[in-house]
Amino acid sequence: MIPAPRPVLDTVPLYVPKPPVARADGTSHRLFLNENPYPPLPSVLEEVSRAALVAHHYPEIMPGDLVAALAQRLGVPESDVVTGPGTVGIYQQIAQAMLDPGDEVVYAWPSFEAYPIVARIAAARAVEVPLRDGVHDLEAMAARVSPRTRAVFLCDPNNPTGTAVRQADVEAFLAAVPPSVLVVLDEAYREFSRGPGAVDGVELYRRHPNVLVLRTFSKAYGLAGLRVGYGVAHPVLSAALRKCAVPCGVNGIAVRAALASLRVEDELFARVDGIVRDRDALREALVGRGIAVLPSETNFLWLPLGQRAGHVAATLEAAGLMARLYPGEGIRLTVGTPEANARVVTALEDALVRA
Ligand SMILES: *Cc1c(COP(=O)(O)O)cnc(C)c1O
């Protein structure tokens with residue numbers, strides 16, 4: 001007889017999306033995880049090597065220097081900042097700190113794939129509200145909030161569609177939702193957002209004590225491999241999240257790299273500006289060839305290809321372009337280096353225009 005895992009885990013898929021296959025000669029481009037195409041800056045790498053010299057020491061239980069630096073950078077009290085091994089680590093803390101079995105969690109769909117997993121592991125009920133034309137339908141989401149709703153997850157800009165809502169729309173949403181409902185604002189891509197009226201979660205958190213903002217060093221700062229993300233929330237919420245954190249969950253190398261990245265933020269953000277320009281140019285090139293691409297405020301593009309998605313993903317893969325396939329729905333393509341983006345245009349032209 002084998003010890004039985006919690007029955008609720010039967011509803012959690014052992015979900016490993018099939019990654020695209022890389023070419024054996026190393027000429028493939030990784031465009032399926034929304035990674036930054038550029039490696040860490042030299043000054044960041046230097047800190048990484050220095051931190052590795054003391055890898056035999058435990059890091060702090062909570063990284064005090066990083067919390068202090070983030071608090072100063074954002075103009076918020078240190079008590080309100082929480083860190084975790086990536087934003088996904090903080091989602092686990094949210095599940096443990098905030099969700100009881102039977103609670104409802106409202107989120108849009110399609111959105112970040114962690115949401116259904118977080119909800120199900122907590123034995124909460126996932127209430128999925130369809131996007132409208134690829135965009136969060138905040139009115140429909142507010143309408144689905146019930147007395148059983150414990151939390152709402154808002155991904156802005158949204159993964160996988162790349163679309164964003166406006167600050168005024170989130171304000172209206174917050175006005176329509178009881179203040180007892182936790183509203184998690186996932187801003188993993190906010191540094192790539194350029195639209196007027198773009199959402200600023202930290203600004204919202206200052207006026208709404210039920211808002212928890214999540215940000216990450218994985219995308220704009222290019223540290224996905226080191227696993228460090230952070231949240232900002234009212235001290236009652238941040239204290240609860242800290243209680244549920246894995247002690248020493250953010251390792252010392254990640255802490256030093258994140259601190260070094262904050263010091264060279266100007267340089268990193270100049271790189272982000274380049275990615276944003278490349279994104280807009282790539283979308284224009286594709287749209288100019290008659291290929292449908294949603295407007296994007298992120299470092300990736302969404303192609304709503306429906307049933308053609310599988311065929312197109314296979315064509316891209318054969319061309320050494322590793323995209324993320326959503327079977328029957330579309331393809332999500334990370335904006336890569338200019339070389340990768342040029343190959344994307346050619347490959348999609350072959351697959352969709354000349355075919
Ligand atoms: C990439 C991403 C994150 C970041 O996850 P980390 O665990 O911080 O690497 C968070 N939310 C969304 C929607 C993402 O796409």
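Please read these numbers as outputs of a predicted model, since none were measured by experiment. Numbering of ligands and ligand atoms starts at 1, following listing order. Note: hydrogens, waters and symmetry copies are ignored here, and every other heavy atom, side chains too, is used. In this chain, residues are counted from 1 in sequence order.
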Student: For ligand 1, output the ligand-protein N/O contacts shorter than 3.5 angstrom; if there are none, return none.
Tutor:
residue, atom, partner, partner atom, Å
ligand 1, 7 (O), Thr87, N, 3.0
ligand 1, 7 (O), Val88, N, 3.1
ligand 1, 7 (O), Arg227, NH2, 2.6
ligand 1, 8 (O), Thr87, N, 2.7
ligand 1, 8 (O), Thr87, OG1, 2.7
ligand 1, 8 (O), Thr216, OG1, 2.6
ligand 1, 8 (O), Ser218, OG, 3.4
ligand 1, 9 (O), Ser218, OG, 2.6
ligand 1, 9 (O), Arg227, NH1, 2.9
ligand 1, 9 (O), Arg227, NH2, 3.3
ligand 1, 11 (N), Asp186, OD1, 3.1
ligand 1, 11 (N), Asp186, OD2, 2.8
ligand 1, 15 (O), Asn159, ND2, 2.8
ligand 1, 15 (O), Tyr189, OH, 2.6
ligand 1, 15 (O), Lys219, NZ, 3.4

Student: Does Gln72 have any side chain to side chain donor-acceptor pair (under 3.5 Å) partners at least two apart in sequence or in another chain, and if so, which?
Tutor: none
Student: For a quick test of your reading: what N or O donor-acceptor pairs under 3.5 Å do the side chains of residues 131-147 make, sequence neighbours left out?
Tutor:
residue, atom, partner, partner atom, Å
Asp137, OD1, Ala140, N, 3.2
Ser146, OG, Glu104, OE1, 2.9
Ser146, OG, Arg148, N, 3.0

Student: Applying salt bridge (Lys or Arg N to Asp or Glu O under 4.0 Å), can you list everything that pairs with Glu267, at least two apart in sequence or on another chain?
Tutor: none
Student: Going by an N to O cut-off under 4.0 Å, is there a salt bridge joining Asp273 and Arg194?
Tutor: yes
Student: What are the two closest heavy atoms between Gly336 and Asp278, and how far apart are they?
Tutor: O-OD2, 4.4 Å
Student: Measure the acute angle between the ring planes of Trp302 and Tyr326, then classify it against the limits of 30° and 60° as parallel, tilted or perpendicular.
Tutor: perpendicular
